[in-house]
Amino acid sequence: MDYGIVGGFLTSATAQAEAASKIVEQILAGKNPSYIPIVQKSPNRYLFDYNELVNHQIDPSPVLKNYEVINKPFSFYEEYKHYIWLFTAILSAIIMIILFLMQNVRIRKQSEMALKNQLEFIKVLLDTIPNPIYFTNVEGKYIGSNMAFAKLYDQSKEEIIGKSVFDFFPKEWASERRKSDVELLAKKGSDTLELMLHTPKKKARLFTLSKAVYSNIDGSVGGIVCIMDDMTERVQQQQFLIQQSKLTEMGEMIAGVAHQWNEPLVELSAIMQDMEFCFNKGEMDRVKMKEFVRDAIIQIQYMSQTLKDFRNFLKPSTKKTLFCAKKALNEVLEIIGRQIFYAHIDLSVIYLKEDDSFPVYGFENEFKQVLINVINNAKIKLVKAHKSGKISIEVDREMLSTKIIISDDGGFIPEKIIGFIFDPYFTTNKNGTGLGLYMAKMIIEDKMGGSIRVQNRDVSTVEFTILVPNANKGNE
């Protein structure tokens, strides 16, 4: 080599010495020479001169895989290829990490933009909702609201943030509200209540507050979200409809009063005739006069009580009270009982717990209106059927409610209309308004939290079942 030969499979003293030294190492290690295999493959190797390869334009790589080349010019890659590979690997890893981070940043920006769009949508949505909505943290501070809530207090949404109920209401009232919120946070539940709010520079408004506790992503309690529903006009409208329904019953009521006044008027007429007769015969003395006056006063008091019952029926109830269903039913029958009697209808009232009271928690006058409406409907149906039928009333007390069942044998209600009789303005009577049973359902279910249903018992009997709470549930 280095003297003009190209190269090839050349004798290499170094390679032979390396092969021999390996045999010597085994012998020195104590191995029996007879067990050392004979070297079958020559340790010599292919060796070429780079300059001669270039001169003769020879490339051994297509034929040989393992060979050495001497006199090669300096190559940075060949000299430092391990470092280059390491650097390339590290650079590739860094590039991959950078690409991953760029993709992650892009996704996060997209998510952030989507979140901003969603928050903007929620903001517009909340501001579009006419119901006042607010959010508080666990300390009771407002952390957000919609425009309706801010407008309720004549402030901007930014001014609301950071304030509490103590900034808008008297301390005693605000303390009660805060106490109920703390209890709600401890339960991690929801609650619905009605409150009369005296907002700044506005009249008192009746609101239904629906509150619920919300949680943070880590599971901790975040605070309370509340949706307020202004019930003022709705309640006024309901009260108007109730009074309108009462007015439709006035014809029947006036007829009842006329029937109830008939007997005392006859009695008063007889008393006056007796007074004249006694006076003409000279039998009128102080004792006789007192008897006539006492009898007349009794009849007048009876007539006065009739007017009082009629006036109480027309007067709306302002708040829920605990009253006796038996007493209310007796007062109703005092008003309409004689109409039923003169219609030749047999009316029976059965109290299934004779020695027990029958408490009802609700609006007494409106409850009487429901009884009058259902009983009158039964009477009208029997009169139209031209039969002297029967109206039966059963009163019972259950664990949580008082039950009144009113049935008549004036014929069943067709199945195709029985599901619509509680709908507003639905009536089968030519002169009916269709408000009676609708108002009855609204009073019993919406205002008193009970239930009213109707069913056909057989081919001739229809049964109305009224369930009303017998105690304050603690939500009032």
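What you see is a predicted model; the values in this text were computed from it and never measured.
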Partners meeting side chain to side chain donor-acceptor pair (under 3.5 Å) with Asp59 (sequence neighbours left out): Ser61
Per-pair distances, 0.1 Å, donor-acceptor, side chain in residues 112-122, under 3.5 Å, sequence neighbours excluded:
from   : atom 1 : to     : atom 2 : distance (Å)
Asn117 : ND2    : Met113 : O      : 3.2

Whether Lys211 side chain and Ile224 backbone form a donor-acceptor pair below 3.5 Å: no
Glu172, CD: over 12 other non-hydrogen atoms inside 6.0 angstrom: no
Spacing of Tyr361 atom OH and Thr321 atom OG1 [to the nearest 0.5 Å]: 8.0 Å
Short side-chain donor-acceptor distance under 3.5 Å, Asn71 and Glu52: no
Phe422 and Phe464 aromatic ring geometry - parallel, tilted or perpendicular at 30°/60° bounds: perpendicular
Pairs involving residues 22-41, ordered by first then second residue, that meet side-chain hydrogen bond (donor to acceptor under 3.5 Å, both in side chains) (sequence neighbours left out): Gln26-Lys31, Asn32-Ser34
Any donor-acceptor pair under 3.5 Å from Asp49 side chain to Asn51 backbone: yes
Distance (rounded to the nearest 0.5 Å) between Phe9 CZ and Phe48 CZ: 11.0 Å
4.5 Å side-chain heavy-atom contact, Tyr46 and Val63: no
Side chain Asp167, main chain Ser164, donor-acceptor under 3.5 Å: yes
Non-hydrogen atoms of Asp127 and Met147 that approach each other most closely: OD1-N, 2.9 Å
Asn470 side-chain N/O to Pro359 backbone N/O, donor-acceptor pair under 3.5 Å: no
Phe363/Phe367 aromatic ring centres below 6.0 Å: no
Side-chain donor/acceptor of Asn131 to backbone N/O of Met228, under 3.5 Å: yes
Beyond-backbone contact of Ile129 with Ile227, side-chain heavy atoms, under 4.5 angstrom: no
Nearest-0.5 Å distance, CD1 of residue Ile421 to CG of residue Leu437: 5.5 Å
From CA spacing to verdict: side chain to side chain contact (heavy atoms under 4.5 Å, CB included), Leu371, Ile406: CA-CA 9 Å; Leu371 296 179; Ile406 303 173; 4.1 Å; yes
Nearest heavy-atom neighbours spanning Ile452 and Ile444: N-CG2, 4.2 Å
Note, Lys403 side chain near Leu352 side chain (heavy atom, < 4.5 Å): no
Between Tyr142 and Phe149, ring centroids under 6.0 Å: yes
Residue list, side chain to side chain donor-acceptor pair (under 3.5 Å) with Glu394, at least two apart or on another chain: none
Set of salt bridge (charged side-chain N to carboxylate O under 4.0 Å, His left out) partners for Glu183, sequence neighbours left out: none
Residues that Arg177 engages under salt bridge (charged side-chain N to carboxylate O under 4.0 Å, His left out), provided they are two or more places apart: none
Least distance between heavy atoms, Pro130 atom then Ala148 atom: O-CB, 3.4 Å
Side chain to side chain contact (heavy atoms under 4.5 Å, CB included) between Ile393 and Ile404, worked out: CA-CA 7 Å; Ile393 303 175; Ile404 301 98; 4.1 Å; yes
Heavy-atom side-chain proximity of Val213 to Lys187 below 4.5 angstrom: no
Lys320 (side chain) donor-acceptor with Lys447 (main chain) under 3.5 angstrom: yes
Mutual orientation of the aromatic rings belonging to Phe168 and Tyr153 [parallel < 30°, tilted 30-60°, perpendicular > 60°]: tilted
Donor-acceptor pair, side chain of Asn137 and main chain of Gly140, under 3.5 angstrom: yes
Contacts of Asn330 that satisfy side chain to side chain donor-acceptor pair (under 3.5 Å) - sequence neighbours left out: none
Closest non-hydrogen atom pair between Pro132 and Leu152, with its separation: CG-CD2, 4.3 Å
Which atom of Val370 lies closest to which atom of Ala440, heavy atoms considered: CG2-CA, 3.8 Å
Partner residues of Glu68 under the salt bridge (charged side-chain N to carboxylate O under 4.0 Å, His left out) criterion, sequence neighbours left out: Arg45
Heavy-atom neighbours of Asn66 CG exceed 12 at 6.0 Å: no
Gap separating the CD1 atom of Ile161 from the CD atom of Gln155, nearest 0.5 angstrom: 11.5 Å
Flag if over 12 foreign heavy atoms under 6.0 Å of OH, Tyr214: yes
Set of residues satisfying side chain to side chain contact (heavy atoms under 4.5 Å, CB included) with respect to Pro414, sequence neighbours excluded: Lys416, Ile417
Side chain to side chain contact (heavy atoms under 4.5 Å, CB included) partner of Arg106, the single match among Lys109, Gln103, Arg108: Gln103
Pair Tyr134-Val165, side chain to side chain contact (heavy atoms under 4.5 Å, CB included): steps then yes or no: CA-CA 11 Å; Tyr134 68 84; Val165 67; over 6 Å; no
Derivation of the side chain to side chain contact (heavy atoms under 4.5 Å, CB included) call for Val360 and Met448: CA-CA 9 Å; Val360 174; Met448 296 179 59; 3.7 Å; yes
Minimum heavy-atom distance Thr402-Ala325, with the two atoms named: CG2-CB, 4.2 Å
Non-hydrogen side-chain atoms of Leu53 and Pro60 separated by less than 4.5 Å: yes
Validation row: Asp409, Leu382 side chains within 4.5 angstrom (heavy atoms): yes
side-chain hydrogen bond (donor to acceptor under 3.5 Å, both in side chains) contacts in which one or both residues fall within residues 81-98, not counting sequence neighbours: Tyr77-Trp85
Pairwise side-chain hydrogen bond (donor to acceptor under 3.5 Å, both in side chains) hits with a residue in residues 4-21, at least two apart: Gln16-Asn44
From CG (Leu467) to CD1 (Ile405), nearest 0.5 Å: 8.5 Å
Heavy atoms of other groups near Phe87 CZ, more than 12 under 6.0 Å: no
Residues in salt bridge (charged side-chain N to carboxylate O under 4.0 Å, His left out) contact with Glu158, at least two apart in sequence or another chain: none
Value rounded to 0.5 Å, distance of OG1 in Thr461 from CG in Asn456: 9.0 Å
